[in-house]
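Read the structure below first, then the notes.
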Amino acid sequence: MIAPLSIPSPNPDIATFSVGPFTVHMYALCIIAGIIAATILTSRRLTKRGAEPGIVLDIILWAIPLGIIGARIFHVLTHPGDYFYPGADLLRTLYIWEGGIAIFGSLIGGAVGAYIGCRMTGIRFWTFADALAPGLLLAQAFGRLGNYFNHELYGLPTDLPWGLEIEASNPAFPIGLPAGTLFHPTFLYEIIWNLLGVAVILWIGHRFNPQWGRLFGVYLIWYGAGRTVWETIRIDPSEYLFGIRANVWAAILAIVVGLAVIVIQSRRHTGAEPSPYVPGRSWADPKAAVDYYDTDAENLGLRSASADDDADGSDRTASSTPSSEATVATSKTGSRS
């Protein structure tokens with residue numbers, strides 16, 4: 001029996017649609033939307049730190065492709081039974097459009113790409129990582145919405161009122177369960193957890209301003225902690241190591257790495273980052289340079305006018321200028337310095 005508040009799965013017909021000769025997947029659109037949202041948020045945060053506006057695009061041009069490659073490799077390695085068996089077509093390991101990417105693999109590949117991009121642009125890697133931290137969770141929340149459209153990665157059966165409806169014809173529907181069985185909407189749990197994490201990381205960044213990668217360490221701990229829970233109730237096939245799902249081990253590793261980053265970076269760097277750029281690669285804001293030049297020119301103009309007045313009126317006495325006017329002139333000139 002379907003509960004009154006149960007979550008219906010979307011019509012399978014809207015999971016894909018055609019645009020001319022192309023087939024568009026809602027899952028892909030969710031991932032693209034997540035990338036765009038994360039890029040905008042990261043760019044704003046990086047620019048606020050003093051980086052050149054738009055420089056994030058030069059970094060993600062490396063991070064996104066390598067992130068996708070890493071995500072696919074990690075998925076294939078953690079689901080070998082789907083790709084490596086007698087008579088298997090090994091080219092299917094490359095068919096990413098059939099589904100199958102892993103977030104932990106995207107983090108590894110994306111980190112390599114981000115490092116390359118940072119080296120080429122002169123941005124400090126850890127500065128970029130801190131700016132990216134909330135954006136990653138935002139992008140991952142969009143990605144989980146794509147799992148909803150695909151009717152996949154749901155959890156154990158549940159009688160909770162917000163259980164997820166999954167059609168019995170779904171290939172992943174557990175054998176032996178009656179039609180109408182509800183499942184934990186793990187995609188929704190993770191969306192809520194990730195969005196809450198965005199708010200928490202933004203607050204920590206505003207309140208404590210952790211730098212040198214420490215805010216990214218908070219991201220790893222937050223995401224890893226949530227993922228260890230959601231993975232334990234998911235029922236999709238996965239490799240097990242010592243009786244624990246491979247992704248749970250990856251989540252635990254994320255927590256450990258996050259803690260290590262915070263501890264190590266706190267010991268190595270006790271002060272604030274001097275610049276978002278590595279030494280010798282700094283960027284000067286042209287607008288700020290123009291403003292400075294204009295202000296300096298105005299000061300020079302005031303000083304030149306004063307010098308001319310002194311030259312032209314050398315026979316004037318000091319008493320010819322009221323003290324109040326001299327005070328006002330001095331204060332105005334001082335306000336521009």
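- Residues V76 and I73 have side chains not in contact (no heavy-atom distance under 4.5 Å, counting atoms from C-beta outward).
- When all heavy atoms are compared, the tightest approach of L66 to G113 is CD1-CA, 3.4 Å.
- Residues I32 and F22 do not share a hydrophobic cluster, defined by chaining ILVMFWY side chains whose heavy atoms lie under 4.5 Å apart.
- Side-chain contact between V218 and R214 is absent, with no heavy-atom pair separated by less than 4.5 Å.
- Distance CG/L145 to CD1/I31: 11.0 Å, rounded to 0.5 Å.
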>> Before you tell me yes or no, could you show the steps for L182 and D159 under side-chain contact (heavy atoms from CB on, under 4.5 Å), namely the whole-Å CA-CA distance, both residues' side-chain angles and the distance that decides it to 0.1 Å?
In response: CA-CA 7 Å; L182 300 181; D159 55 2; over 6 Å; no
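- By the 6.0 Å contact criterion, CZ on R281 is enclosed, its count of non-hydrogen atoms from other residues, nucleotides or ligands being greater than 12.
- Nearest heavy-atom pair across G197 and L137 is C-CD1, 3.6 Å.
- The shortest side-chain heavy-atom distance between L29 and V24 falls under the 4.5 Å cut-off.
- At distances below 3.5 Å, at least one donor-acceptor pair connects side-chain atoms of R72 with backbone N or O atoms of T93.
- L136 is not connected to I40 by any chain of hydrophobic side-chain contacts under 4.5 Å among Ile, Leu, Val, Met, Phe, Trp and Tyr, and they are in different clusters.
- Heavy-atom minimum distance, G105 versus F74: CA-CB, 3.4 Å.
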> For R268 and I264, what are the C-alpha separation, side-chain angles and deciding distance, and is it a side-chain contact (heavy atoms from CB on, under 4.5 Å)?
Replying inline: CA-CA 6 Å; R268 291 182 60 191; I264 294 173; 3.7 Å; yes
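- Between the side chains of E165 and S9, no donor-acceptor pair of N or O atoms lies under 3.5 Å.
- Between the side chains of E167 and H151, at least one donor N or O lies within less than 3.5 Å of an accepting N or O.
- In terms of heavy atoms, P80 sits closest to E239 at CD-CG, 3.4 Å.
- For residues 106-135, the set of pairs meeting the side chain to side chain donor-acceptor pair (under 3.5 Å) definition, not counting sequence neighbours, comprises Y115-R119, T127-E273.
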Under 3.5 Å donor-acceptor pairs involving side-chain atoms of residues 82-89, not counting sequence neighbours:
residue: Y83; atom: OH; partner: H75; partner atom: NE2; Å: 3.0
residue: D89; atom: OD1; partner: L91; partner atom: N; Å: 3.2

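- When atom types are taken as modelled, the side chain of S18 and the backbone of G20 share no donor-acceptor pair closer than 3.5 angstrom.
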>> For a side-chain contact (heavy atoms from CB on, under 4.5 Å) check, start with the C-alpha distance between L90 and R92, then their side-chain angles and the critical distance, and finish with the verdict.
In response: CA-CA 5 Å; L90 296 182; R92 287 190 60 246; over 6 Å; no
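- Side-chain atoms of R234 and H184, non-hydrogen and from C-beta on, never get closer than 4.5 Å to each other.
- At a threshold of 4.5 Å between side-chain heavy atoms, the hydrophobic network of Ile, Leu, Val, Met, Phe, Trp and Tyr places I103 and I108 in two separate groups.
- I96 is listed as a side-chain neighbour of I101, based on a closest heavy-atom distance under 4.5 Å.
- Here the straight-line distance linking atom CD1 of I192 with atom CG of L188 works out to 4.0 Å at 0.5 Å rounding.
- For the pair P174 and L177, the minimum side-chain heavy-atom distance is below 4.5 Å.
- Hydrophobic cluster membership differs between Y240 and F104, with clusters built from Ile, Leu, Val, Met, Phe, Trp and Tyr side chains linked at under 4.5 angstrom.
- In this structure, L132 CG and L41 CG are separated by 9.0 Å, a value rounded to the nearest 0.5 Å.
- Here Y27 pairs with nothing under the ring pair (Phe, Tyr, Trp, His ring centres under 6.0 Å) rule; sequence neighbours left out.
- A distance of 8.0 Å separates CH2 in W212 from CD in Q265, rounded to the nearest 0.5 Å.
- Residues F128 and L46 are in side-chain contact: their nearest non-hydrogen atoms beyond the backbone lie under 4.5 Å apart.
- Considering all non-hydrogen atoms of both residues, G163 and T158 come closest at CA-CG2, 4.0 Å.
- Partner F187 forms a ring pair (Phe, Tyr, Trp, His ring centres under 6.0 Å) with one of Y148, F142, F149 and no other, that one being Y148.
- Remark: the backbone N or O of S43 is paired with a side-chain donor or acceptor of T47 at under 3.5 angstrom.
- Atoms CD1 and OG, on I244 and S238 in that order, are 11.5 Å from each other to the nearest 0.5 Å.
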>> Could you go through F208 and W203, starting from their C-alpha distance and side-chain angles, then the distance that decides it, and tell me whether this counts as ring pair (Phe, Tyr, Trp, His ring centres under 6.0 Å)?
In response: CA-CA 8 Å; F208 302 102; W203 178 81; 5.6 Å; yes
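- Of the possible donor and acceptor atoms, one in the side chain of T181 sits under 3.5 Å from a partner among the backbone N and O of P178.
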> Given the rule in the side-chain contact (heavy atoms from CB on, under 4.5 Å) test, do L164 and I166 qualify, once you have shown the distances and angles that lead to the verdict?
Replying inline: CA-CA 6 Å; L164 177 66; I166 294 293; 3.8 Å; yes
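- Note: W193 and W230 have perpendicular aromatic rings, judged against thresholds of 30 and 60 degrees for the angle between ring planes.
- A donor and an acceptor atom, one from each side chain of Y223 and R227, are located under 3.5 Å apart.
- By the ring pair (Phe, Tyr, Trp, His ring centres under 6.0 Å) test, F183 pairs with Y154, F173, sequence neighbours left out.
- Under a hydrophobic-cluster definition in which Ile, Leu, Val, Met, Phe, Trp and Tyr are linked whenever side-chain heavy atoms come within less than 4.5 Å, directly or via other members, I191 and V229 are assigned to the same cluster.
- Taking the side chain as every heavy atom from C-beta outward, P210 and I204 approach each other to under 4.5 Å.
- The line from CD1 of I35 to OG1 of T42 is 11.5 Å long, rounded to the nearest 0.5 Å.
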Result block: side-chain N/O donor-acceptor pairs under 3.5 angstrom for residues 50-63, not counting sequence neighbours:
none

Identify each donor-acceptor pair in which a side-chain atom of residues 245-262 lies under 3.5 Å from a protein atom, sequence neighbours left out, and give them as a table.
residue: R245; atom: NE; partner: E231; partner atom: O; Å: 3.3
residue: R245; atom: NE; partner: E231; partner atom: OE1; Å: 2.9
residue: R245; atom: NH1; partner: D236; partner atom: O; Å: 2.9
residue: R245; atom: NH2; partner: E231; partner atom: OE1; Å: 3.2
residue: R245; atom: NH2; partner: D236; partner atom: OD1; Å: 3.4
residue: R245; atom: NH2; partner: D236; partner atom: OD2; Å: 3.3
residue: N247; atom: ND2; partner: E231; partner atom: OE2; Å: 3.4
residue: W249; atom: NE1; partner: L241; partner atom: O; Å: 2.7

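- The minimum heavy-atom distance linking H79 with P237 is given by the pair NE2-O, 3.1 Å.
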